[in-house]
Amino acid sequence: MDLFEGAQEHNRVSKRSLKNWVVNAFRERKALALTLNDTKTAVNKLHQMANVVVALIVLALWLLILGIATSKFFVLLSSQLLVAVFMFGNTLRTIFEAIVFLFVMHPFDVGDRCEVDGMQVVVEEMNIMTTIFLRYDNLKVYYPNSKLAQLPIMNYYRSPDMGDSVDFTVHVATPVEKLSLMKERLMHYLDNKKEHWYPGSMVVLRDVDDTNKLKASIWCRQTINFHDMGMRFERRELLLQEMIKVLRDLEIEYRMLPLDINVRNAPAIQSSRMPSTWTFSY
């Protein structure tokens with residue numbers, strides 16, 4: 001029953017929660033199928049590369065055993081291989097690093113939401129040499145795997161349930177009784193939303209700025225990670241609505257410092273420049 005939103009609170013599974021569960025299950029199944037397909041494609045390409053290398057080794061051994069090729073021939077061949085390694089050594093090194101990254105490190109799968117270079121992306125396709133990501137506006141971003149191996153990658157899908165926070169500011173002259181009542185009501189809301197938030201949330205007063213702003217924060221932990229950003233911000237929106245309701249009910253607000261404004265007699269404007277849209281008739 002924990003898999004369905006609101007099921008424990010109302011002792012029933014609503015049509016909306018069942019629909020959301022089915023949609024999420026379908027998305028996870030589709031992402032798993034795409035991951036297996038891309039992994040199979042990469043393994044097939046790696047298998048073809050290994051077949052070429054093994055075929056060359058078998059051919060060389062066959063020529064050596066049958067005596068068709070002499071040692072002088074292999075010396076000449078090795079010198080040519082050195083030239084080839086000098087020309088394509090960097091490419092081979094890049095391929096090896098990409099293979100290690102893809103099959104050994106394997107930091108993500110298709111469909112995972114990740115953060116790379118400070119940009120949130122979703123893994124679209126995995127190849128041996130490159131990985132294709134989708135940005136928030138569905139722009140495709142191609143990253144070489146050899147470069148990804150050197151970057152820190154944050155994977156939201158593989159992360160456990162993640163924490164969240166809401167910061168806001170109230171006036172420093174707010175009575176302590178109102179602040180205590182505000183904390184109590186916000187904690188009551190968070191504790192009653194067990195399908196959204198873990199128990200143990202905190203409402204703390206953090207700091208005082210400019211002698212008139214009292215900074216407060218709500219620290220809580222959601223029952224999901226941030227792979228589904230839409231769900232995260234839906235829950236956060238409900239928390240913000242409840243916070244605004246509590247602040248209005250308790251008449252807690254933020255007021256700016258009073259400003260001293262000195263008004264003096266300004267000199268008359270002596271200018272013949274007027275906007276081009278103004279017309280005068282004499």
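Keep in mind it's a predicted model, so treat the numbers as computed, not measured.
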- Task: Verify side chain to side chain donor-acceptor pair (under 3.5 Å) between Asp109 and Tyr157, making sure each step is shown before the conclusion.
- Result: CA-CA 9 Å; Asp109 294 307; Tyr157 183 78; over 6 Å; no

- Could you walk me through whether Leu179 and Lys183 pass side chain to side chain contact (heavy atoms under 4.5 Å, CB included), step by step? CA-CA 6 Å; Leu179 294 177; Lys183 289 184 180 181; 5.5 Å; no

- Task: Apply salt bridge (Lys or Arg N to Asp or Glu O under 4.0 Å) to the pair Asp249 and Arg185, showing each step before the final yes or no.
- Result: CA-CA 11 Å; Asp249 290 345; Arg185 291 184 58 176; 3.3 Å; yes

- Message: I'd like to know whether Leu148 forms a side chain to side chain contact (heavy atoms under 4.5 Å, CB included) with Phe108, so could you lay out the CA-CA distance, the side-chain angles of the two residues, the decisive distance to 0.1 Å, and finally the verdict.
- Response: CA-CA 11 Å; Leu148 286 175; Phe108 46 70; 4.1 Å; yes

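Neither Met126 nor Val100 shares a network with the other; the hydrophobic side chains, linked directly or stepwise wherever heavy atoms of I, L, V, M, F, W or Y lie under 4.5 Å apart, form separate groups for each. Both Leu238 and Met182 are assigned to one and the same hydrophobic cluster, defined by single-linkage of ILVMFWY side chains at heavy-atom distances under 4.5 Å. In the hydrophobic clustering of this structure, Val176 does not group with Leu214; members are Ile, Leu, Val, Met, Phe, Trp, Tyr whose side-chain heavy atoms approach within less than 4.5 Å, directly or through other members. In this structure, Phe168 is a member of the same hydrophobic cluster as Val172, with clusters built from ILVMFWY side-chain heavy atoms closer than 4.5 Å. Using a 4.5 Å cut-off between side-chain heavy atoms of Ile, Leu, Val, Met, Phe, Trp and Tyr, with links allowed through other members, Val122 and Phe133 fall into different hydrophobic clusters.
Expressed to the nearest 0.5 Å, how far OH of Tyr142 lies from CD of Glu124 amounts to 9.0 Å. Once rounded to the nearest 0.5 Å, the distance linking CD1 of Ile99 with CE of Met129 reads 9.0 Å. Rounding to the nearest 0.5 Å places CG of Leu240 at 7.5 Å from CD1 of Ile218. To the nearest 0.5 angstrom, Ile224 atom CD1 is 9.5 Å from Met229 atom CE. Rounding to the nearest 0.5 Å gives a distance of 7.0 Å between CG of Leu186 and CG of Leu247. Separation of atoms NE2 (His196) and CE (Met231) is listed at 7.0 Å; rounding is to 0.5 Å.
Looking only at distances, a side-chain donor or acceptor of Asn145 sits under 3.5 Å from a matching main-chain atom of Ile128. A donor-acceptor pair under 3.5 Å links the side-chain atoms of Asn225 to the main chain of His227, judged by distance alone. In this structure a side-chain-to-backbone donor-acceptor pair under 3.5 Å is present from Thr223 to Glu195.
Between Gln241 and the options Lys245, Met243, Glu237, a side-chain contact (heavy atoms from CB on, under 4.5 Å) holds for only Glu237. No option in Val170, Asp209, Val208, Val204 other than Asp209 meets the side-chain contact (heavy atoms from CB on, under 4.5 Å) test with Lys215.
Residues Glu251 and Lys178 have side chains in contact (heavy-atom distance under 4.5 Å, counting atoms from C-beta outward). In this structure, the side chains of Leu239 and Cys220 come closer than 4.5 Å at one or more pairs of heavy atoms. No side-chain heavy atom of Val121 sits under 4.5 Å from any side-chain heavy atom of Tyr143.
Ion pair Asp167/Arg206 flagged as a salt bridge, since at least one NZ, NE, NH1 or NH2 atom sits closer than 4.0 Å to an Asp/Glu carboxylate oxygen.
Surrounding CZ of Phe96 are at most 12 heavy atoms belonging to other residues, nucleotides or ligands under 6.0 Å away. Annotation for Met202: atom CE does not count as buried by contact number, only 12 or fewer foreign heavy atoms lying within 6.0 Å.
In plain terms, the two heavy atoms of Asp161 and Arg221 that are nearest each other are O-NE, 3.1 Å. When all heavy atoms are compared, the tightest approach of Ser201 to Leu190 is CB-CD1, 3.5 Å. The nearest pair of heavy atoms linking His171 to Thr174 is O-OG1, 2.7 Å. Closest non-hydrogen pair, Asn138 versus Leu134, comes out as O-CD2, 3.7 Å. Pairing each heavy atom of Pro107 with each of Asn155, the nearest pair is O-ND2, 2.9 Å. The minimum heavy-atom distance linking Ser165 with Trp219 is given by the pair CB-CD1, 3.6 Å.
Relative to the ring axis of Phe226, Arg232 places its NZ or CZ within 45° and under 6.0 Å from the centre.
In the model, Ser146 has no side-chain atom that pairs as donor or acceptor with a side-chain atom of Arg93 under 3.5 Å.
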